[in-house]
Novice: 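After the structure tokens below, expect a handful of questions from me.
All residue numbers in this chain count up from 1 along the given sequence. Only this structure's heavy atoms are used, side chains among them; waters, hydrogens and symmetry mates stay out.
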Amino acid sequence: MAVRRPLKGILSAIGDTPLVEMGCLVPGFDFRLFVKLERFNPGGSVKDRSALAMLQAKILDGGVRPGRTVVVESSSGNLAIGLAQICCYYGIDLICVVDAKTTTQNLAILRAYGARVEVVTDRDPATGEYLPERVRRVRHLLATLPNAYNPNQYANLRNPAAHENTMREIAEALDGRVDYLFAAAGTFGTLRGCVGYLRDQSMPTRVVAVDAVGSILFHPTPGRRLIPGHGAAVRPALLDPSLVDDVVHVTDLESIVACRTLTRQEGILAGGSSGATIAAVGKYAPRIPPGSTVVAIFPDGGDRYLDTIYSDAWVAEHFGSDAMQLWQRPLIEDVAWC
């Protein structure tokens, strides 16, 4: 029996997250489904990988220094927490620009790490979204604060570079047999990094991007979205649609139903973008050949969505009381997946 050696420092625990096979979610379809549980990173999400990659190199080369540099970043929550943990560890000041959709749990975690939190409450007049206003606030802070550094998850190539390791872990765990990969699209860091590894290894994996209905990543018409973590109101510099083979759009309600179904059928408390990813698998399932190996990346857990996705009152307020019946039936039959 292999003995795991102790790690040195909490940041050493980032990566090597579990890959777990699902047993109950896709009845009637003859393929194996695995999920990569990124909630087991110490900061609770896949964004720990990006945060470490974007900050650690700058810290090591002296570009970011404790007591001198102020790190400023825009985030809907998870990247902010990853950065907050790293900045706390190294004693670096951090300002997180979040918005009104950021959950109360995430705000509390950021403040517990000692981060300064600026919450954008006004939506961009042109798009009706918060992200453009968050980006404008970051630019203002960078222009007015001395020694400020913006990792810029939307354009920093270290973001996707971190996720080459994510894909490597998946491929090694499955002996290189990955027929389909499903991953949520936001900054495009995870997808771009995974595709980079797949191409380097000449793996024939079909890559399916999971986007939100109302996002403009793959569709020109913006719409209102309630669930943070996937989709975007502004196309990031890292976006390259040619890197993915297919795109599946998921509604907020489909994401919620999938989250609740995951809990009921698999005992997994999943975050919104994780629910969206498994909902996308459900919609795409009839197109997957028998015997395939399918992997879905779950960006985070559901403990930070207890006041929204897992609140019956919140769901009823936004989607009606009848929505609660949707996760009482098998996942594939709940919503019009196909």
Novice: Once rounded to the nearest 0.5 Å, what's the spacing between atom SG of Cys194 and atom CZ of Phe188?
Specialist: 10.5 Å
Novice: Counting N and O atoms only, with roles assigned by atom type, does the side chain of Lys36 sit under 3.5 Å from a partner on the main chain of Met167, one being a donor and the other an acceptor?
Specialist: no
Novice: Flag the pair Arg123 and Glu133 as a salt bridge only when some basic side-chain nitrogen lies within less than 4.0 angstrom of an acidic carboxylate oxygen.
Specialist: no
Novice: Aromatic rings His249 and Phe218: how do their planes relate, parallel, tilted or perpendicular, breaks at 30° and 60°?
Specialist: perpendicular
Novice: Kindly say whether Arg32 contributes a backbone atom to a donor-acceptor pair with the side chain of Thr293 at under 3.5 angstrom?
Specialist: no
Novice: Please assess Tyr180 against Phe31 for the test side-chain contact (heavy atoms from CB on, under 4.5 Å), listing each intermediate value before the final yes or no.
Specialist: CA-CA 10 Å; Tyr180 290 83; Phe31 59 80; over 6 Å; no
Novice: What residue among Val178, Thr205, Leu198 forms side-chain contact (heavy atoms from CB on, under 4.5 Å) with Ile170?
Specialist: Val178
Novice: Looking only at heavy atoms, which two atoms of Ala115 and Ala84 are closest? And how far apart?
Specialist: CB-CB, 4.3 Å
Novice: Not counting sequence neighbours, list each pair that qualifies as a salt bridge (charged side-chain N to carboxylate O under 4.0 Å, His left out) and has a residue in residues 305-314.
Specialist: Arg260-Asp312
Novice: Kindly write out the residues that satisfy side-chain contact (heavy atoms from CB on, under 4.5 Å) with Ala148, not counting sequence neighbours, or none if the list is empty.
Specialist: Val72, Leu142, Leu145
Novice: How many angstroms lie between CZ in Arg199 and CG in Leu243, if you round to the nearest 0.5 Å?
Specialist: 5.0 Å
Novice: If you draw a 6.0 Å radius around NE2 in His140, do more than 12 non-hydrogen atoms from other residues or ligands fall strictly inside?
Specialist: no
Novice: Mind checking ring-ring contact (aromatic ring centres under 6.0 Å, His included) for His219 and listing every partner two or more places apart, or none if nothing turns up?
Specialist: none
Novice: Which heavy atom in Thr308 sits nearest to a heavy atom in Trp314, and how many Å separate them?
Specialist: O-CE3, 3.1 Å
Novice: Under the 3.5 angstrom rule, does the side chain of Thr277 hit a backbone N or O of Ser273 as a donor-acceptor pair?
Specialist: yes
Novice: Ile10, Ile109: one ILVMFWY side-chain cluster at the under-4.5 Å cut-off?
Specialist: no
Novice: With sequence neighbours left out, what residues match Thr103 under side-chain contact (heavy atoms from CB on, under 4.5 Å)?
Specialist: Gln105, Asn106, Arg304, Tyr305
Novice: Starting from Leu79, can I reach Leu110 by hopping between I/L/V/M/F/W/Y residues whose side chains sit under 4.5 Å apart?
Specialist: no
Novice: Find out if a path of hydrophobic residues (ILVMFWY) with successive side-chain heavy-atom gaps under 4.5 Å connects Leu181 to Tyr284.
Specialist: no
Novice: Please, which pairs that meet salt bridge (charged side-chain N to carboxylate O under 4.0 Å, His left out) have at least one residue in residues 244-253, sequence neighbours excluded?
Specialist: Arg206-Asp246, Asp246-Arg287
Novice: Is the closest side-chain heavy-atom distance between Leu238 and Pro160 below 4.5 Å?
Specialist: yes
Novice: To the nearest 0.5 angstrom, please state how far the CZ atom of Phe298 sits from the CG atom of Leu269.
Specialist: 11.5 Å
Novice: Between Val135 and Val234, is there a side-chain heavy-atom distance shorter than 4.5 Å?
Specialist: no
Novice: side-chain contact (heavy atoms from CB on, under 4.5 Å), that's the test. Do Phe40 and Asp48 meet it? Break it down for me.
Specialist: CA-CA 10 Å; Phe40 288 98; Asp48 283 15; over 6 Å; no
Novice: Okay, side chain of Arg39, backbone of Gly271: is any donor-acceptor separation there less than 3.5 Å?
Specialist: no
Novice: Please give me the minimum heavy-atom distance between Ala276 and Ser255, naming the atom from each residue.
Specialist: N-OG, 3.5 Å
Novice: Sequence neighbours left out, what passes side-chain contact (heavy atoms from CB on, under 4.5 Å) with Ala53? Give chain and number order.
Specialist: Arg158, Ala162
Novice: Please name the pair of heavy atoms, one in Ser75 and one in Gly77, separated by the smallest distance, quoted to 0.1 Å.
Specialist: OG-N, 2.9 Å
Novice: Which heavy atom in Asn41 sits nearest to a heavy atom in Ser45, and how many Å separate them?
Specialist: ND2-O, 3.2 Å
Novice: Just by modelled atom types, is the Asn152 backbone N or O under 3.5 Å from a matching donor or acceptor in the Glu73 side chain?
Specialist: yes
Novice: Report yes or no: do Glu38 and Thr17 form a side-chain donor-acceptor pair below 3.5 Å?
Specialist: yes
Novice: So how far is it from Arg65 CZ to Ile59 CD1, rounded to the nearest 0.5 Å?
Specialist: 12.5 Å
Novice: Kindly indicate whether the side chain of Tyr149, heavy atoms from C-beta on, has any atom under 4.5 Å from the side chain of Lys58.
Specialist: yes
Novice: List for me each residue that meets ring-ring contact (aromatic ring centres under 6.0 Å, His included) alongside Tyr130, sequence neighbours excluded, and say none if there are none.
Specialist: none
Novice: Rounded to the nearest 0.5 Å, how far apart are SG of Cys88 and CD1 of Ile81?
Specialist: 13.0 Å
Novice: Does Ile95 share a hydrophobic cluster with Met54, counting links as ILVMFWY side-chain heavy atoms below 4.5 Å and allowing steps through other members?
Specialist: no
Novice: Determine whether a donor-acceptor pair (N or O, by modelled atom type, separation under 3.5 Å) exists between the side chain of Ser215 and the backbone of Gly231.
Specialist: no
Novice: Using side-chain contact (heavy atoms from CB on, under 4.5 Å) as the criterion, list what pairs up with Pro146, not counting sequence neighbours.
Specialist: none
Novice: Listed by chain and number, what are the side chain to side chain donor-acceptor pair (under 3.5 Å) partners of Tyr154, not counting sequence neighbours?
Specialist: Ser74, Arg134
Novice: Please lay out, stage by stage, how Val98 and Val120 fare under the test side-chain contact (heavy atoms from CB on, under 4.5 Å).
Specialist: CA-CA 6 Å; Val98 299; Val120 170; over 6 Å; no
Novice: Is the shortest side-chain N to carboxylate O distance from Asp300 to Lys47 below 4.0 Å?
Specialist: no
Novice: Of the non-hydrogen atoms in Gln85 and Tyr113, which two are nearest, and what is the gap between them?
Specialist: OE1-OH, 3.1 Å
Novice: What I'd like to find out is whether the side chain of Val119 reaches to under 4.5 Å of the side chain of Thr102, using heavy atoms alone.
Specialist: no
Novice: Could you walk me through whether Leu83 and Leu55 pass the side-chain contact (heavy atoms from CB on, under 4.5 Å) test, one step at a time?
Specialist: CA-CA 8 Å; Leu83 290 172; Leu55 267 190; 3.6 Å; yes
Novice: Backbone N or O of Asp16 within a donor-acceptor pair of the Glu169 side chain at under 3.5 Å?
Specialist: yes
Novice: Suppose the criterion is side-chain hydrogen bond (donor to acceptor under 3.5 Å, both in side chains): which pairs have a residue in residues 183-194, not counting sequence neighbours?
Specialist: Asn159-Thr187
Novice: From Ile227 CD1 over to His318 NE2, what is the distance, rounded to the nearest 0.5 angstrom?
Specialist: 8.5 Å
Novice: With a 4.5 Å cut-off on side-chain heavy atoms, are Asp200 and Glu164 touching?
Specialist: yes
Novice: Under the side chain to side chain donor-acceptor pair (under 3.5 Å) rule, collect the residues that match up with Asn147, sequence neighbours excluded.
Specialist: Arg68
Novice: Does one hydrophobic cluster hold both Ile288 and Val295, with members joined at side-chain heavy-atom distances below 4.5 Å?
Specialist: no
Novice: Any side-chain to backbone donor/acceptor pair from Thr263 onto Cys259? Under 3.5 Å, distance only.
Specialist: yes
Novice: Output every pair passing salt bridge (charged side-chain N to carboxylate O under 4.0 Å, His left out) with a member in residues 172-187, not counting sequence neighbours, ordered by first then second residue.
Specialist: Arg168-Glu172, Arg177-Asp179
